[in-house]
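Every chain is numbered from 1, with letters handed out A, B, ... down the list of sequences.
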Amino acid sequence: MSLFDHSIKELEAKLHNKEITVSDLVDTSYKRIKEVDDKVHAFLTLDEENARSKAKELDSLEDTIAKLFGIPAGIKDNIVTKGLRTTCASQFLRNFNDPLYDATVVEKLNAEKSITIGKLNMDEFAMGSSNENSSFTPTRNPWNTDYVPGGSSGGSAAAVAAGEVLFSLGSDTGGSIRQPAAFCGVVGLKPTYGLVSRFGLVAFASSLDQIGPLTRTVEDNARVLEVIAGHDKMDATSANIDIPTYTESLTGDVKGLKIAVPKEYLAEGVNPEVKEAVLEALRVYESLGATWEEVSLPHSKYAVAAYYLISSSEASANLARFDGVRYGVRSEKAENMIDMFKKSRSEGFGEEVKRRIMLGTFALSSGYYDAYYKKAQKVRTLIKNDFDKIFETYDVVIGPTTPTPAFKVGEKIDDPLTMYANDILTIPVNLAGVPGISIPCGFSPDGLPIGLQIIGKHFDEATVYRAAHAFEQATDHHTKRPQIGGAN
Amino acid sequence: MASITKEQVKHVANLARLEITEEEAEMFTDHLSAIISFAEQLNEIDTDGIEPTTHVLDLKNVMRKDEPRHWITREEALKNAPDHKDGQFRVPSILE
């Protein structure tokens, strides 16, 4: 049994009672990374020297009181870390070794004394659903390394599933936390848009991006969110609201909880074993005293199209900053400045990133703006209205996180539209800005995890967590571990 | 069905400051045509009178006082730069 089979709360008690030290926890991380990461490839950069010296420093303190005292964490590589290489898994930033500041979420983790073990692999600039778009080595699924871990926060999910860190941070623009959490059998939350500061998150689609935690349990997830949530004057879209103590909402009581199940989320295209796992989860909720009814999200089928127009348009503007002037890799071949922009970007960006920049540039270009970009934004309004209407009557929306369990490496990479369709159940949540979590709810006959998605009202993470925790406590899916590198 | 020509793809690449090969131009023509045709399904929906959503929260312009404060030094700003000289970013010639 690994120390990482304990919750943060249990480890806090062990540290307090001097049963273990912070150095033991950091050792557990690096030992496990050495054991499995040449197969999983969850990490792009390790920060071992700093982590070990910080562990010693914490071990020398009398006071162990901080919400994440000594807890080993991994950070997705699109979240900037002062003095620690931040690449977004792009060749363009492969030498960005010395970022000048910490993202607000990293500052908040540091303030609560967690320890950054390293930076986690991802699809380049968070564009992808399989981690195959990492320009370094793609991450593999710890449950079966022939399969993808999902994306774009594939490294964040795989590192937690494989027991390399106790929690990680990811980012979610169209499902990039929840989909890999589902594929790797861990808990991943995309908070309400505006709950967590985006300052220091390398922007992909600014109206959709949110940072959130990936953990083994709902309780740990709620605890990390308590630390990273909150208003930040450095992010003008961050909401100025009081942050509840989410862990206090984990009562196990869902009596009277009203669940909406969109018929579109169990329709054709959703794999039978996924559908069965979700229906079984609904039976668990019934046994706990909750009720569910079928509803409709009539515009959800248009979400993928609207999403790719909106997110690619925003990306084409956001990625204009990568020009080879202030940071990143500059092409050696350029003769003049415009040529330098073009050559640096063309040499530094991978195919998917170029495809999305081109799609976005096209959708925003003269003559097409109204037909594509503005049309997509109007459809976004209708998708948001669908959710608003359901939440007038129901407390949460429940369905699968993904239509299928993890797919094989190489299976979808040559067809962008097939890859995009994989996010059909997670994308509407980003367009509406509401919170969504993925928790383990079973396994396919091939032994691959299946994720249950629970969606809540704006800023009602407390109810999402309460529902997720009640299910988790009534089942044992979250206690299963991948067998990679032996039990962990 | 919407389709995009190779010339349009090359024009868009130039706008986006990307240099693409002939082979890439053909590939992106196929991919972008497929994605744009897929996006045409949005035309099935009547959106007359629907306000576009640019942002899901009810936030208005967030203002703060324009006060100078310490952020980073010139040396720090330059330390990740591919090239710099005399305390400034250096780029290839702008004028021919």
Please look at A/L208 and chain B and tell me whether the side chain, the backbone, both or neither of the residue comes under 4.5 angstrom of a heavy atom of that chain.
-> neither

Between A/N422 and A/S129: side-chain donor-acceptor atoms closer than 3.5 Å = no

Option that, when pairs with chain B are counted at under 4.5 Å, heavy atom only, ranks first among A/K354, A/H299, A/M340, A/K375 | A/K375

Largest heavy-atom contact set with chain A, pairs under 4.5 Å, which of B/L15, B/V9, B/N61, B/T54 | B/T54

Taking every heavy-atom pair that is under 4.5 Å apart, which of A/N97, A/T237, A/I357 has the most such pairs with chain B?
-> A/T237

Regarding A/S206 and A/N318, is there a side-chain donor-to-acceptor distance under 3.5 Å anywhere?
-> yes

Under a 4.5 Å heavy-atom cutoff, which of B/V12, B/V56, B/I20, B/L78 has the most pairs with chain A?
-> B/V56

Identify which part of B/I50 has an atom lying under 4.5 Å from any heavy atom of chain A, answering side chain, backbone, both or neither.
-> both

Chain A contact via B/L57 - side chain, backbone, both or neither, heavy atoms under 4.5 Å | side chain

At a heavy-atom separation under 4.5 Å, does A/F459 approach chain B through its side chain, its backbone, both, or neither?
-> side chain

Consider only side-chain N and O atoms of A/D232 and A/S238, and report whether a donor and an acceptor are under 3.5 Å apart.
-> no

Of the backbone (N, CA, C, O) and the side chain (C-beta and beyond), which part of A/V304 lies under 4.5 Å from a heavy atom of chain B, both, or neither?
-> both

Select one option (side chain, backbone, both, neither) describing which atoms of A/A432 are under 4.5 Å from chain B's heavy atoms.
-> backbone

Give, as side chain, backbone, both or neither, the part of A/E347 having an atom under 4.5 angstrom from any heavy atom of chain B.
-> neither

Just distance, no hydrogens or angles: give the donor-acceptor pairs under 3.5 Å from side chains in residues 79-91 of chain B, sequence neighbours left out.
residue	atom	partner	partner atom	Å
B/K79	NZ	A/D98	OD2	3.4
B/N80	OD1	A/D98	N	3.4
B/N80	ND2	A/D98	O	2.8

With the threshold set at 4.0 Å, does a side-chain nitrogen-carboxylate oxygen contact exist between B/E19 and A/R345?
-> no

In terms of heavy-atom proximity below 4.5 Å to chain A, should B/L32 be classed as side chain, backbone, both, or neither?
-> side chain

Picking from A/K233, A/K374, A/K342, which has the most non-hydrogen pairs under 4.5 angstrom with chain B?
-> A/K342

For chain B, find which of A/L309, A/V329, A/L417, A/T192 contributes the most heavy-atom pairs closer than 4.5 angstrom.
-> A/L417

No-hydrogen, no-angle side-chain donor-acceptor test under 3.5 Å, A/D102 and A/T81 = no

Will you find, in the side chains of A/Q377 and A/Y372, an N or O donor that is under 3.5 Å from an N or O acceptor?
-> no

For B/E76, salt bridge (charged side-chain N to carboxylate O under 4.0 Å, His left out) partners two or more places apart | none

Answer yes if the ring centres of A/F204 and A/F125 are under 6.0 angstrom apart, and no otherwise.
-> no

Does a side chain donor of either A/E124 or A/S90 reach within less than 3.5 Å of an acceptor in the other side chain?
-> yes

Tell me, for A/D415 versus chain B, whether the close heavy atoms (under 4.5 Å) come from the side chain, the backbone, both or neither.
-> neither

Let me know if B/V62 has heavy atoms under 4.5 Å from chain A in its side chain, its backbone, both or neither.
-> side chain

Does a side chain donor of either A/Y302 or A/R380 reach within less than 3.5 Å of an acceptor in the other side chain?
-> no

Test salt bridge (charged side-chain N to carboxylate O under 4.0 Å, His left out) applied to A/R330 - qualifying residues, sequence neighbours left out = none

Greatest number of heavy atom pairs closer than 4.5 Å to chain B - which of A/V379, A/D323, A/V325, A/I310 = A/V325

Interface residue of largest heavy-atom contact number with chain A, from B/E24, B/E44, B/Q8, under 4.5 Å = B/E44

Without hydrogens or angle criteria, can the side chains of A/T87 and A/R94 be said to hold a donor-acceptor pair below 3.5 Å?
-> no

Segment of A/K384 engaging chain B (4.5 angstrom heavy-atom cut-off) | side chain

Tell me, for A/T381 versus chain B, whether the close heavy atoms (under 4.5 Å) come from the side chain, the backbone, both or neither.
-> both

Listed by residue number, which members of residues 63-71 of chain B have a heavy atom under 4.5 Å from any heavy atom of chain A?
-> B/R69, B/W71

Would you indicate whether A/E335, at its atom CD, is surrounded by more than 12 heavy atoms from other residues, nucleotides or ligands within a distance under 6.0 Å?
-> no

Using a strict cut-off of less than 4.0 Å between a Lys/Arg side-chain nitrogen and an Asp/Glu carboxylate oxygen, indicate whether A/R355 and A/E352 qualify as a salt bridge.
-> yes

Residues B/E22 and B/K6 bridged, charged N to O under 4.0 Å | yes

